[in-house]
Amino acid sequence: MTIKATPDDSGKRIDVFISQNSDLTRARVQKMLDDALVCVNGRTVRKNYKVKDGDEAEFDVPAPTPLGAEAEDIPLDIIYEDGDIIVLNKPKGIVVHPAAGNESGTLVNALLYHCGDSLSGIGGVTRPGIVHRIDKDTSGLLVVAKNDAAHLFLSEQIKEHKVSRVYHAIAVGRIDGSRTLSYPIGRHPTDRKKMAVTEKNSKSAVTHVDVIEELVGATYVKCTLETGRTHQIRVHLSHIGHPILGDETYGGVKNPVMQKYGAGLQGQCLHAKQISLVHPRKREMMTFECPLPDYFEKLLKVMRAES
C-alpha cells in the first residue's frame with residue numbers, strides 16, 4: 001500500500017500520518033516501523049520521522065498474529081451473512097471488542113464462537129473483523145468483515161464517506177426542522193475519556209438531523225452520518241443544547257425531561273437503524289435495516305401518550 005503526503009501532512013510523525021490515512025491503529029503502525037516494514041521514498045524510517053509534502057509511504061500489512069480473544073457462546077442477532085460480511089443488530093450494553101475492563105463478553109468473543117477462523121485479521125488480535133464500531137450503550141447495525149479483502153474494501157468505503165449510516169434518537173428539547181451539524185470533533189481538553197467540539201487536534205464532522213416527531217419536552221430524530229467520528233451524534237446534539245435522552249456523559253441528569261424519562265435507561269437512547277454499502281464481492285449496493293429495540297418503542301409510546 002502506498003500513501004502520498006500532502007502539504008497538510010507536513011510535520012506529522014510517520015506513525016500518525018499512516019494511521020490517519022489507513023485502517024491501521026497507531027500502535028500497529030509503530031510495530032511495523034520497529035520491524036522495518038515501512039519505507040518512505042524507498043528507505044526505511046524510524047517512527048519519529050516527520051513527514052514532508054510529497055513523501056510516499058510504502059508498506060505491506062503483515063499477516064495477523066493468532067487471535068488473542070477467546071470464543072464465547074453468546075447469542076448474535078444476525079441480519080445478514082455470507083462468505084464476506086456479517087451484518088449484526090448489536091444490543092445495548094454489549095461492548096464491541098475486548099479492552100481493559102472488558103476482556104470477555106464482547107461482540108468479538110461471540111463472533112469468534114460463531115465464525116471460528118473466518119474473520120478478517122486486519123484489526124489485530126482483539127478486533128478481528130471489526131471495520132467500524134458503535135458505543136457500548138448504543139444499539140443497532142454493525143458490519144463485520146470475514147476476510148481481509150472485504151475489510152479493506154469496506155474500510156475504503158467508510159473513509160470516502162460512501163457508507164450511509166442512519167441512526168434514530170430521542171433528543172432532549174425541541175428541534176425545529178432539519179439541520180446539518182458541521183462542527184469539528186476532537187479529544188476533550190480536560191477529560192480524555194470524552195470527545196468535544198474543538199478546533200484543537202480535531203477532525204471535521206458532519207451530521208444531518210431530520211425531525212421525525214415532536215414529543216413532550218423532546219424530539220424524535222433521524223441522524224445521518226456524513227463522517228464517523230467517535231461519539232459524533234452524541235457530541236453534536238449535546239453541543240447544540242439537545243443531548244440524547246439518557247446520555248449522562250454528554251447530557252447530564254439535571255434536565256427535568258432527562259430526569260423523568262431518562263432514569264433507568266442505562267445509556268443513551270440511540271439506535272443504528274439503517275446502513276447502506278457496496279458489497280465487497282458482489283459490487284452491488286445493499287441496504288440493511290433493523291427495528292427499534294423494545295425499550296425505545298416503549299419509551300416512545302409513553303412520551304406520545306403524554307404529548
Side-chain angles (χ1 to χ4, degrees), residues 74-80 85-97 106-107 110 130-144 158 163-173 175 178-179 181 195 205-238 240 242-251 257-258 260-277 286-304 307:
I74 302 170
L76 291 171
D77 184 0
I78 298 174
I79 304 298
Y80 174 86
I85 64 173
I86 305 176
V87 182
L88 304 163
N89 180 12
K90 185 190 85 69
K92 175 187 279 199
I94 188 169
V95 176
V96 171
H97 59 77
T106 73
L107 200 65
I130 302 302
V131 181
H132 67 112
R133 292 173 288 170
I134 54 179
D135 299 335
K136 173 183 177 181
D137 290 323
T138 297
S139 58
L141 294 174
L142 190 78
V143 179
V144 175
I158 292 173
V163 174
S164 173
R165 287 173 282 174
V166 177
Y167 289 70
H168 283 203
I170 298 179
V172 174
I175 298 177
S178 300
R179 301 183 61 174
L181 309 181
M195 307 302 288
V206 180
T207 307
H208 303 286
V209 181
D210 294 291
V211 174
I212 297 175
E213 184 180 355
E214 292 182 7
L215 302 166
V216 55
T219 310
Y220 178 26
V221 295
K222 177 180 77 171
C223 299
T224 304
L225 293 179
E226 188 169 312
T227 55
R229 309 305 176 204
T230 302
H231 300 174
Q232 179 173 314
I233 296 173
R234 298 167 64 190
V235 172
H236 271 172
L237 287 176
S238 177
I240 63 170
H242 298 287
I244 297 175
L245 195 63
D247 191 347
E248 295 185 6
T249 300
Y250 295 104
V257 176
M258 192 76 80
K260 181 176 181 179
Y261 298 104
L265 282 184
Q266 296 181 329
Q268 59 276 357
C269 195
L270 180 64
H271 178 69
K273 197 171 192 306
Q274 183 186 94
I275 189 166
S276 299
L277 53 87
M286 301 182 74
T287 297
F288 305 97
E289 294 191 33
C290 63
L292 295 174
D294 288 344
Y295 87 89
F296 201 130
E297 290 280 18
K298 290 176 181 177
L299 186 57
L300 282 174
K301 185 175 181 180
V302 169
M303 297 183 80
R304 285 166 178 156
S307 295

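With sequence neighbours left out, the ring-ring contact (aromatic ring centres under 6.0 Å, His included) criterion links H271 to no other residue. Residues passing the side-chain contact (heavy atoms from CB on, under 4.5 Å) test with V216, sequence neighbours excluded: Y261, M303, E306, S307. Partners of E289 under the side-chain hydrogen bond (donor to acceptor under 3.5 Å, both in side chains) rule, at least two apart in sequence or in another chain, are Q274. With sequence neighbours excluded, the residues forming a side-chain hydrogen bond (donor to acceptor under 3.5 Å, both in side chains) with S276 are T287, listed by chain and number. By the salt bridge (Lys or Arg N to Asp or Glu O under 4.0 Å) test, E213 pairs with R304, sequence neighbours left out. Legend: residues meeting side-chain contact (heavy atoms from CB on, under 4.5 Å) with H132, ordered by chain and number and at least two apart, are L142, V143, I158, R165, I275. Listed by chain and number, the residues in a side-chain hydrogen bond (donor to acceptor under 3.5 Å, both in side chains) with T224 amount to none (sequence neighbours excluded). Residues forming a salt bridge (Lys or Arg N to Asp or Glu O under 4.0 Å) with D137 (at least two apart in sequence, or on another chain): none. Judged as a side-chain hydrogen bond (donor to acceptor under 3.5 Å, both in side chains), and not counting sequence neighbours, the contacts of H168 are Y220. By the salt bridge (Lys or Arg N to Asp or Glu O under 4.0 Å) test, R133 pairs with no residue at all, sequence neighbours left out. Not counting sequence neighbours, the partners of R234 by the salt bridge (Lys or Arg N to Asp or Glu O under 4.0 Å) test are D135, D247.
Separation of atoms CG (L107) and CD1 (I74) is listed at 8.5 Å; rounding is to 0.5 Å. Distance check, rounded to the nearest 0.5 Å: CD of Q268 to CD of E248 gives 10.0 Å. To the nearest 0.5 Å, atoms CG (L215) and CD1 (I170) are separated by 6.0 Å. For the atom pair CG of L88 and CG of L141, the computed distance is 9.0 Å after rounding to the nearest 0.5 Å. The CG atom of L300 sits 6.5 Å away from the SG atom of C269 when rounded to the nearest 0.5 Å.
The heavy-atom pair separating V257 from A218 by the smallest distance is CG1-CB, 4.5 Å. Contact detail for L237 and C223: the closest heavy-atom pair is CD1-SG, 4.2 Å. Of all heavy-atom pairs between I79 and C290, the closest is CD1-CB, 4.2 Å. Contact record, L225 with Q232: CD2-NE2, 3.3 Å, taken as the closest heavy-atom pair. Taking each heavy atom of G140 and I134 in turn, the nearest pair found is O-CD1, 3.7 Å. For the residue pair M258 and P243, the shortest heavy atom distance occurs at CE-CG, 4.2 Å.
At least one donor-acceptor pair under 3.5 Å links the side chain of Y250 to the backbone N or O of M195. Distance alone, capped at 3.5 Å, is enough to place a donor-acceptor pair between the T219 side chain and the G173 backbone. Between the side chain of K90 and the main chain of K136, a donor-acceptor pair closer than 3.5 Å is present.
Legend: salt bridge (charged side-chain N to carboxylate O under 4.0 Å, His left out) pairs involving residues 214-230, not counting sequence neighbours, sorted by first then second residue: R174-E214.
Between I233 and T138 there is no side-chain heavy-atom pair separated by less than 4.5 Å.
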